[in-house]
Every structure is written in C-alpha cells, then in structure tokens.
Protein chains: 2
Amino acid sequence: MVWRDEHGKRLEDYPRPSVAVDTAVLTVDDGRLAVLLAGGALPGTFLHPGETLADAVLRSLRDKAGVVGRSPRQLRVFDKPSRDPRGWVLSVAHVDMVPVAELAAALTHGGVRLAPADDASVLVGLPYEQGEIVAAAVEAVRAEYRAEPDPSALLDEPFTLAELRGLHTAVLGEEPMRDTFRRYMEARLKSTGETTDGGRGRPSRTWRRMSAIPAAATRG
Amino acid sequence: MVWRDEHGKRLEDYPRPSVAVDTAVLTVDDGRLAVLLAGGALPGTFLHPGETLADAVLRSLRDKAGVVGRSPRQLRVFDKPSRDPRGWVLSVAHVDMVPVAELAAALTHGGVRLAPADDASVLVGLPYEQGEIVAAAVEAVRAEYRAEPDPSALLDEPFTLAELRGLHTAVLGEEPMRDTFRRYMEARLKSTGETTDGGRGRPSRTWRRMSAIPAAATRG
DNA sequence: AGCATTTTGCGCTGATCTGCGCTAAATCAG
DNA sequence: CTGATTTAGCGCAGATCAGCGCAAAATGCT
C-alpha cells in the first residue's frame with residue numbers, strides 16, 4: 001500500500017536531492033594528523049535505498065579504503081547549493097579515526113594518499129566543501145582526545161603512557177604537560193599490573209582502555 | 001547541460017530519499033523548558049529544490065509556528081529505516097530556542113501547544129523518533145547555556161543577574177550557585193552602568209550580552 | 001527616622017589543579 | 001660493579017575555583 005498525500009501524490013512524485021555520505025578518515029602518520037584522500041577527495045558514496053547513513057558510510061569505507069570494523073561518527077550535513085556541480089546533492093559528513101596500518105592496502109592503490117589534516121593548503125584544494133568537512137572532523141576528534149585516552153583505539157593494547165602521550169600529541173598538535181596528562185588519563189585507564197620488557201631505563205607500566213571491547217571491535 | 005555518470009544516468013535516475021527538516025522549538029514556559037508541538041509533532045517540512053536546510057527550517061517555523069528571525073542550529077540526521085511509515089525519509093533535526101512571547105500567535109491555533117521538554121511521557125508520545133530529537137535538542141541547548149549567558153537571547157536587554165539566573169535555572173533544570181554563576185557570567189556580559197528603577201531593596205545592576213546584535217536579529 | 005527588603009560585594013576557607021624540580025627505581029651498556 | 005638511561009613518583013608552591021556567611025548599599029514602606 002503506497003502512501004499518498006492529500007493531493008494524491010506519493011513521496012517519489014516530489015523533487016528530492018541526492019544524499020551522499022562523505023567521511024573524513026583521519027589517522028596519525030609521521031607524528032601528525034592525516035586525512036585519507038582517494039582521487040583527491042574524501043571517500044564517499046550516494047545513499048542506497050534501505051540503507052542507514054552508517055551502512056552507507058561503512059560500505060564506502062570498505063569499497064574505497066578497504067577499512068572495516070570501525071564506527072564512524074556523524075558530523076553534520078553540508079548543503080550549500082553550489083557545493084556540487086553535478087546537481088542537488090546533500091552531504092552527510094562523518095569522521096572516523098583509523099590506525100594507519102589498516103590503511104596500508106588502500107594506500108597501494110593509485111590515487112589514494114594521506115595528506116596533513118590541519119594543513120590549510122590541503123583543505124582548500126578539496127572539492128565539494130570537503131575542506132570544511134575535514135576541519136570539522138579535526139575539531140571533533142581533538143575534543144574527543146582531550147576528554148578520553150585514545151578513544152578511537154589507535155593503539156594496540158597494552159600500551160605505555162609515553163605511547164599514549166605521543167599519540168595524543170600527534171592528534172592535538174601540541175604536547176600535553178607530562179604530569180597533568182598522567183593524572184587525568186591514569187584515572188581513565190586500567191593498569192595491566194605489568195611492565196614493558198627490554199629497553200634501557202626503568203621499564204614502563206602498561207595500560208588498557210577502560211572498555212572491555214577489543215580495540216578492533218565495532219562500538220555500539 | 002545535465003550531468004550524467006559513466007552509465008549515462010542522471011542523478012535523478014537513481015532512487016533517493018525524501019529529506020525532511022524537523023525542529024525542536026524550545027522555549028521557557030512557567031519556569032521550565034518546553035517544546036512546541038503542532039498536531040502532536042515537531043514542526044517540519046520536506047526540503048524543496050534550491051533550498052538550504054536552514055531555508056527550509058525557517059520556512060517551516062514561519063508557516064507552522066509563526067516564528068521568524070531566528071537561527072536554528074542543526075543537530076544531526078535521523079535515518080532509522082522504520083522511522084517514517086510513509087516511506088524512505090531522512091530527517092535533519094534542528095533546534096531553536098524562542099521566547100515564549102513569539103509563540104503566542106501560534107499557540108492560538110488549534111493543535112498547537114507547548115509540552116514539557118524533559119518529560120519522558122511527552123517524548124515517547126511523539127511520532128517519527130521525535131522524542132530522540134527533543135532529547136538531543138535539550139542536551140544541546142543545556143550545553144550552550146552552561147557555556148554562555150542566555151546565548152539564544154530570550155531575555156530582552158537590559159536584564160538583571162536575577163533574571164538571567166532564573167532563565168538559566170529554567171533551562172538547566174537546576175539552580176546554579178549564586179556566586180559561582182555571577183563570577184562566570186559577569187565575565188561574559190557587558191554592564192550597562194545603570195540599575196533598575198523602582199522596586200524595594202537595593203536596585204539591581206543591569207547587563208547586556210557581549211554581542212552587538214539586537215536580541216531578535218538573526219545570527220551569522 | 002527606623003525598619004524591612006533586596007541586591008551587591010567580598011573575605012574567608014577548603015578543595016582542586018597545574019607545573020616543576022628532583023629523587024628513586026629498574027633496567028642495560030661497558 | 002659503575003654509570004647512563006628512562007620512567008615513575010611525589011613534594012611543593014602557586015594559582016584557581018566553589019561555596020558560604022555576612023555586611024554594606026540602596027531602595028520602599030510604615
């Protein structure tokens with residue numbers, strides 16, 4: 001039974017935009033935040049019937065970047081009329097932080113590369129307002145990292161405080177003060193009770209995230 | 001010149017969702033947060049060609065609630081497949097805080113009423129996941145009010161600290177501590193240099209928001 | 001004029017946080 | 001065994017913040 005409005009028209013009888021999902025896939029590469037570009041743009045796709053936005057995002061990450069098992073977060077909708085020369089397209093922007101190792105396969109494909117995520121000259125070169133998407137993504141990820149230790153689980157467990165702080169420095173673009181960082185994060189981590197093996201100097205204590213879910217598992 | 005893809009198809013040849021905008025119009029009524037319902041639902045509309053989402057939101061607020069000159073904020077997209085029995089519809093949810101006086105005309109229409117915004121029994125009675133939209137809106141507005149003095153300009157200027165604190169109490173659902181509130185907010189307000197007239201007791205100092213834009217003007 | 005009322009302002013205490021210098025601890029290299 | 005290295009841990013000073021009690025100030029009422 002197809003629904004019709006008071007004019008006898010179905011939903012399909014009205015003009016509708018195309019809906020795309022675009023994802024700023026961020027990672028840490030060479031000590032700084034980087035964004036994945038495929039053919040000079042963010043990976044994305046048009047929404048298919050019956051899909052949720054998250055389904056579409058996951059499909060585009062798998063198909064365009066070989067990335068699976070992640071949990072992209074919705075940012076917001078970009079809808080500037082002049083945004084897409086092809087026509088009326090809305091973009092629902094997402095962000096996902098992915099360990100750089102998981103992007104290795106994608107990066108062997110022609111046209112797939114990493115670019116510094118907080119480099120203005122990179123952002124202005126992106127089509128379809130995607131520079132704004134990346135900027136919004138960087139801001140969102142930095143806020144998450146200020147609040148929680150490695151919330152996107154880029155580090156394999158267990159890890160040391162130095163590794164964690166190194167990661168946070170790369171994400172935030174500034175180095176947090178050692179003691180302040182340690183006090184805040186230790187309260188949000190679970191000690192393994194063990195230390196590192198080998199290496200000179202006093203062995204480091206090792207930690208896991210509070211969540212019981214393994215790092216690579218999808219989140220709720 | 002109509003764009004076609006590598007299959008010779010235009011954007012319109014592919015199935016697309018309808019895109020609706022729904023706005024949680026929040027206000028303060030009788031000392032607490034309230035949400036506007038029109039016919040038992042949030043005001044909304046389908047997106048028309050050539051419109052931005054903000055255009056559509058403003059149009060629906062004008063047509064369904066008689067509200068003009070505001071600046072709704074985008075929350076996020078709701079896309080649960082079973083959300084809308086009419087068919088494939090995405091809803092881009094927004095929130096707007098509006099002085100209750102500006103809703104007076106709308107409230108004289110049949111079927112338009114205010115309901116407590118943080119009352120779970122109200123939220124579960126809403127169609128199309130709109131309870132979740134209202135909950136997300138309440139959370140967003142409360143975060144804004146924790147950070148800034150009356151960011152949605154519900155108070156006419158100038159206002160007293162007691163009026164401001166009363167408004168914030170209504171929005172937050174809890175009364176902030178007088179001195180803590182005063183220290184934080186005074187730093188974010190502009191003193192008029194004048195005090196209230198009449199009334200018993202020591203006259204109150206009066207304040208304006210930092211922004212130079214009049215309260216009813218739209219924001220950037 | 002005195003009192004009640006209301007707001008402003010602030011001194012004070014205790015709590016919390018940041019940043020830093022420095023030592024102890026636990027390794028490995030020589 | 002000694003020294004170098006690296007991390008852990010912490011004492012401390014200074015800064016900041018929250019909350020409270022209370023008095024001063026500025027009105028209107030009687």
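Below, chain A is the first sequence line, B the second, and so on; all start at residue 1.
You'll find that the side chain of B/Asp179 is closest to D/dC20, out of D/dG9, D/dC20, D/dC10. Closest approach to the B/Arg202 side chain among C/dG9, C/dG11, D/dA8 is made by C/dG9 (side chain taken as heavy atoms from C-beta onward). The side chain of B/Thr180 sits closest to D/dA18 out of D/dA18, C/dC10, D/dC10. For B/Met177, the side-chain atoms get nearest to D/dC20 when compared with the rest of C/dG21, D/dC20, C/dA29. Here the nucleotide nearest the side chain of B/Arg200, chosen from C/dT8, C/dA4, D/dT7, is C/dA4. Residue B/Pro203 places its side chain closer to D/dA26 than to any other of C/dG19, C/dT7, D/dA26.
Of the possible donor and acceptor atoms, one in the side chain of A/Arg83 sits under 3.5 Å from a partner among the backbone N and O of A/Tyr128. When atom types are taken as modelled, the side chain of B/Arg70 and the backbone of B/Met97 share a donor-acceptor pair closer than 3.5 angstrom.
Using a cut-off of 4.0 Å between Lys/Arg side-chain N and Asp/Glu carboxylate O, B/Asp119 and B/Arg32 are scored as not salt-bridged.
Look at CD on B/Glu186: it is 9 Å from C1' on C/dT8, rounded to the nearest Å. Atom C1' of nucleotide D/dC20 and atom CZ of B/Arg178 are separated by 9 Å, given to the nearest angstrom. Between A/Phe159 atom CZ and D/dT7 atom P there is a gap of 16 Å when expressed in whole angstrom units. Rounded to an integer number of Å, the gap from A/Glu194 CD to D/dA8 C1' is 17 Å. The distance from atom CZ of A/Arg146 to atom P of C/dC17 is 18 Å, rounded to the nearest whole Å. Atom CZ in A/Phe181 sits about 14 Å away from atom P in D/dT7, given to the nearest Å. In this structure, A/Arg182 atom CZ and D/dC10 atom C1' are separated by 8 Å, rounded to whole Å. Rounded to whole angstrom, the span from the CZ atom of B/Arg183 across to the P atom of C/dG11 amounts to 11 Å.
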Under 3.5 Å, which donor-acceptor pairs do the side chains of residues 162-170 of chain B form with other protein atoms, sequence neighbours left out?
{"from": "B/Glu163", "atom 1": "OE1", "to": "B/Thr160", "atom 2": "N", "distance (Å)": "2.9"}
{"from": "B/Arg165", "atom 1": "NE", "to": "B/Pro176", "atom 2": "O", "distance (Å)": "2.9"}
{"from": "B/Arg165", "atom 1": "NH2", "to": "B/Glu175", "atom 2": "OE2", "distance (Å)": "3.3"}
{"from": "B/Arg165", "atom 1": "NH2", "to": "B/Pro176", "atom 2": "O", "distance (Å)": "2.9"}
{"from": "B/His168", "atom 1": "ND1", "to": "B/Tyr145", "atom 2": "O", "distance (Å)": "3.2"}
{"from": "B/His168", "atom 1": "NE2", "to": "B/Asp150", "atom 2": "N", "distance (Å)": "3.0"}
{"from": "B/Thr169", "atom 1": "OG1", "to": "B/Arg165", "atom 2": "O", "distance (Å)": "2.8"}

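B/Arg205 comes within contact range of the sugar-phosphate backbone alone, with a heavy-atom separation under 4.0 Å but no base atom that close.
Of the residues near DNA chain C, B/Thr160 and B/Gly201, the one whose nearest nucleotide (by heavy atom distance) lies more toward the 5' end is B/Gly201.
Using a 4.5 Å heavy-atom threshold, the side chains of A/Thr192 and A/Arg208 count as touching.
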